[in-house]
Amino acid sequence: MGAYRDQLLRETYGNQSFRLPSQEAEEPSGTLTMFKLKFTISLFLFAGFAYLSITGKSFCSVTAEQIVEAVTKEDLYTQLSELEL
């Protein structure tokens with residue numbers, strides 16, 4: 001049965017190389033790759049914030065309370081909206 005399949009593929013595709021859909025390596029699109037990268041970075045940042053919040057420690061003299069205060073300030077929101085982020 002393998003010889004018949006090979007003959008049929010040669011007749012269909014000629015001398016061109018052929019690949020079955022299952023053999024093709026699908027590469028993720030650029031937007032999916034960027035989403036994965038951004039999600040991973042966000043996950044690490046959240047984990048760091050959660051660690052600071054739970055332990056009460058600081059990182060480079062910044063505490064979790066200072067991060068919450070900076071994020072909830074109206075000035076930061078205005079600056080980010082001006083940058084279209």
Side-chain angles (χ1 to χ4, degrees):
M1 183 146 182
Y4 174 73
R5 180 179 175 273
D6 291 339
Q7 179 185 357
L8 182 61
L9 288 173
R10 267 187 268 117
E11 289 174 1
T12 304
Y13 294 103
N15 290 334
Q16 300 173 0
S17 63
F18 55 89
R19 297 177 113 182
L20 297 176
S22 61
Q23 293 174 335
E24 292 179 2
E26 294 184 19
E27 295 182 18
S29 66
T31 56
L32 181 61
T33 303
M34 284 304 296
F35 173 76
K36 287 180 181 179
L37 178 65
K38 289 178 182 180
F39 180 77
T40 304
I41 291 171
S42 300
L43 191 62
F44 281 122
L45 288 174
F46 177 74
F49 170 76
Y51 174 76
L52 292 178
S53 179
I54 291 171
T55 60
K57 294 184 178 183
S58 64
F59 178 75
C60 294
S61 72
V62 176
T63 63
E65 291 80 21
Q66 291 173 329
I67 294 171
V68 170
E69 183 181 325
V71 171
T72 56
K73 279 187 179 178
E74 188 67 30
D75 296 336
L76 179 66
Y77 177 76
T78 306
Q79 291 173 0
L80 291 175
S81 64
E82 289 174 0
L83 295 173
E84 298 177 2
L85 296 176

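For the single chain, residues carry numbers from 1 onward in sequence order.
- Ring planes of Phe35 and Phe39: parallel class, angle under 30° (limits at 30 and 60°).
- Atoms CG and CG, from Leu37 and Leu32 in turn, are 11.5 Å apart once rounded to the nearest 0.5 Å.
- A donor-acceptor pair under 3.5 Å is formed between the side chain of Ser42 and the backbone N or O of Lys38.
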